[in-house]
There are 2 protein chains.
Amino acid sequence: MNRQKAARYRELAAALREDVQSGVYGEGGRLPSEEALAASHGVSRGTVRQALALLRAEGVVTSRRGTRRVVLEQPRVQSFAELSSFTRWARSLGEEPGGSVLDLHWRAADAIEADRLRLAPGTRVLWVLRLRTLGGEPVMVERTVYPEPVGALVAAMPADTVSVTELLEARGVVLADADHTVDLALADADDARLLDCAPAAPLLRERRRTSDPTGLPVEWSEDRYRAGTVAFTVHNSLATTALARTRSEG
Amino acid sequence: MNRQKAARYRELAAALREDVQSGVYGEGGRLPSEEALAASHGVSRGTVRQALALLRAEGVVTSRRGTRRVVLEQPRVQSFAELSSFTRWARSLGEEPGGSVLDLHWRAADAIEADRLRLAPGTRVLWVLRLRTLGGEPVMVERTVYPEPVGALVAAMPADTVSVTELLEARGVVLADADHTVDLALADADDARLLDCAPAAPLLRERRRTSDPTGLPVEWSEDRYRAGTVAFTVHNSLATTALARTRSEG
DNA sequence: TAGTGGTCTAGACCACTCG
DNA sequence: GAGTGGTCTAGACCACTAC
């Protein structure tokens with residue numbers, strides 16, 4: 001099928017991640033030197049460094065010239081896959097994701113949509129309105145726009161499709177990049193009705209454009225979360241950054 | 001002073017970033033091959049790859065096996081330094097940052113603060129309340145807690161210090177990692193008074209812990225932005241992620 | 001001063017894209 | 001099949017930390 005062997009450095013990163021998380025070195029403890037890791041895992045120092053760079057980006061370890069790497073507090077990290085898919089995210093939380101398509105139709109892209117999807121205004125796009133639930137409770141209203149080829153795939157999906165993202169991937173659509181903007185919005189009439197909140201109630205809004213490996217936009221979405229249901233967390237460092245979405249602490 | 005020569009790959013990244021942004025390759029255009037860049041800049045391919053990895057993380061270019069790298073839409077990227085400092089961020093926007101310390105005192109850390117700063121509960125910490133303005137308009141209320149050594153530096157600062165972060169850095173405090181959580185909060189009485197909004201008005205909340213290169217927490221802060229003034233944006237890809245804060249469009 | 005991570009090189013092979 | 005980026009190696013030197 002679609003299998004391929006993982007790179008050595010990814011395997012190594014996974015192994016080290018597990019060691020760290022099972023407390024082999026202890027929080028605040030020190031990792032072995034790169035040289036030592038290279039020897040003990042039978043790879044070159046370069047490969048060890050690639051693996052450690054991943055852990056660094058995830059906020060699992062620090063790194064500083066002159067000293068061994070230090071184990072940080074356990075971060076909550078999500079893979080790109082979990083971020084792209086509400087369904088995957090919910091499952092990784094151990095919650096039951098649900099959702100229903102409330103509206104779906106083709107229409108001409110307005111100026112904003114065209115800009116976001118890098119299309120000419122007026123190009124045909126598929127517009128979809130979905131309600132997302134977590135354990136049966138309504139949590140988020142999702143308004144998504146798909147360009148022509150992807151939209152056709154979405155439109156052809158059964159009405160009760162649980163995860164659009166997963167099905168798209170099964171159809172060969174590859175998601176590689178996403179731009180998220182998080183801010184605040186007020187519930188409109190639809191939001192209020194669907195999320196069971198007051199009109200003009202504050203919602204956490206995430207707008208997102210996802211692209212394939214070519215840089216071609218695959219979807220543009222505006223998601224509105226009921227207050228207190230989610231928070232977005234980002235770990236960032238001098239070198240790199242990692243995004244996650246969490247269940248709000250309330 | 002504190003100067004040091006930048007690494008070759010960072011210089012190269014800066015040069016390429018500039019080329020891309022000045023449209024040398026055009027949006028959607030293709031970069032020269034790694035081999036070609038190595039030759040033309042007189043470095044090895046490894047160094048070129050380090051430089052390109054930076055641009056990849058920033059969302060400036062894509063990368064895919066088998067094809068030249070493609071120029072993406074211009075992303076708004078912020079350095080870690082701009083994210084750590086309200087003042088630097090404001091300046092990079094061309095806006096005039098302002099701020100005033102409204103309250104500042106030593107006290108015993110409560111359970112939450114102790115946890116966030118990885119201290120024992122009851123440890124002495126410095127608590128600071130600040131109002132931040134952009135072009136004279138109140139924009140954000142900042143409640144920050146500093147552990148002992150850093151707190152002493154902050155407490156010793158002149159009351160009209162513009163940028164606490166910059167002054168801390170000048171005093172030798174190095175910021176290396178930050179964890180951000182973005183969600184929604186409702187204005188309490190203080191917020192409402194300071195931000196000139198209604199009590200219980202929705203605000204965009206950012207909670208942040210910043211650490212030094214050792215992994216030792218340096219500050220913990222809860223910032224509340226008036227609705228419509230800022231948004232947080234994140235670019236993330238299969239490999240990496242980059243965070244930014246933007247002036248809200250609304 | 002010894003040990004460590006950061007940078008850089010030179011070369012190799014592989015997996016993938018595209019004409 | 002030619003060209004490209006992804007992975008991996010082996011070795012070198014440097015900057016910094018900590019003793």
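Letters A, B, ... are given to chains in the order of the sequence lines, protein chains preceding strands, and every chain is numbered from 1. Everything quoted here is computed from the prediction, not taken from an experiment.
Screening residues 117-126 of chain A for salt bridge (charged side-chain N to carboxylate O under 4.0 Å, His left out), with sequence neighbours left out, gives A:R118-B:E27, A:R124-A:E148. The ring-ring contact (aromatic ring centres under 6.0 Å, His included) analysis of residues 107-127 of chain A, with sequence neighbours excluded, yields the pairs A:H105-A:W127.
In this view, B:R64 and B:T67 satisfy the side chain to side chain donor-acceptor pair (under 3.5 Å) rule, not counting sequence neighbours. For A:D212, the side chain to side chain contact (heavy atoms under 4.5 Å, CB included) partners are A:T214, A:L216, A:V218, not counting sequence neighbours. Considering only residues two or more places apart in sequence or on other chains, A:T165 meets the side chain to side chain donor-acceptor pair (under 3.5 Å) condition with none of them. Not counting sequence neighbours, B:R68 has no partner by the side chain to side chain donor-acceptor pair (under 3.5 Å) test.
The interatomic distance linking B:R69 (CZ) with D:dT4 (P) rounds to 12 Å, in whole Å. At whole-Å resolution of the value, CZ in A:R56 and P in C:dG6 are 9 Å apart. As rounded to whole Å, 13 Å separates atom C1' of C:dC14 from atom CZ of B:R49. Taking atom NE2 of residue B:H41 and atom C1' of nucleotide C:dT7, one finds them 18 Å apart after rounding to whole Å. The distance from atom CD of B:E34 to atom C1' of C:dC16 is 14 Å, rounded to the nearest whole Å. To the nearest angstrom, C1' of C:dG6 lies 13 Å from CG of B:L54.
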When you compare the protein's N or O atoms with those of nucleotides 8-10 of chain D, which come within less than 3.5 Å of each other, and at what distance?
from: D:dC8; atom 1: OP1; to: A:R8; atom 2: N; distance (Å): 2.4
from: D:dC8; atom 1: OP2; to: A:Y9; atom 2: N; distance (Å): 3.2
from: D:dT9; atom 1: OP2; to: A:S44; atom 2: N; distance (Å): 2.7
from: D:dT9; atom 1: OP2; to: A:S44; atom 2: OG; distance (Å): 2.8
from: D:dT9; atom 1: OP2; to: A:T47; atom 2: OG1; distance (Å): 2.5

For nucleotides 17-19 of chain D, tabulate all protein N/O to nucleotide N/O atom pairs closer than 3.5 Å, reporting atom names and distance.
from: D:dA18; atom 1: OP1; to: A:R64; atom 2: NH2; distance (Å): 3.2

Do any side-chain atoms of residues 29-40 of chain B form donor-acceptor pairs under 3.5 angstrom with protein atoms, and if so which ones, sequence neighbours left out?
from: B:S33; atom 1: OG; to: B:A36; atom 2: N; distance (Å): 3.1
from: B:E34; atom 1: OE1; to: B:R45; atom 2: NE; distance (Å): 2.6
from: B:E34; atom 1: OE1; to: B:R45; atom 2: NH2; distance (Å): 2.9
from: B:E34; atom 1: OE2; to: B:R49; atom 2: NH1; distance (Å): 2.8
from: B:E34; atom 1: OE2; to: B:R69; atom 2: NH1; distance (Å): 2.9
from: B:E34; atom 1: OE2; to: B:R69; atom 2: NH2; distance (Å): 3.4
from: B:S40; atom 1: OG; to: B:A36; atom 2: O; distance (Å): 3.2
from: B:S40; atom 1: OG; to: B:L37; atom 2: O; distance (Å): 3.2

Apply side chain to side chain contact (heavy atoms under 4.5 Å, CB included) to B:V230 and B:W89, showing your working.
CA-CA 11 Å; B:V230 305; B:W89 171 65; 3.4 Å; yes
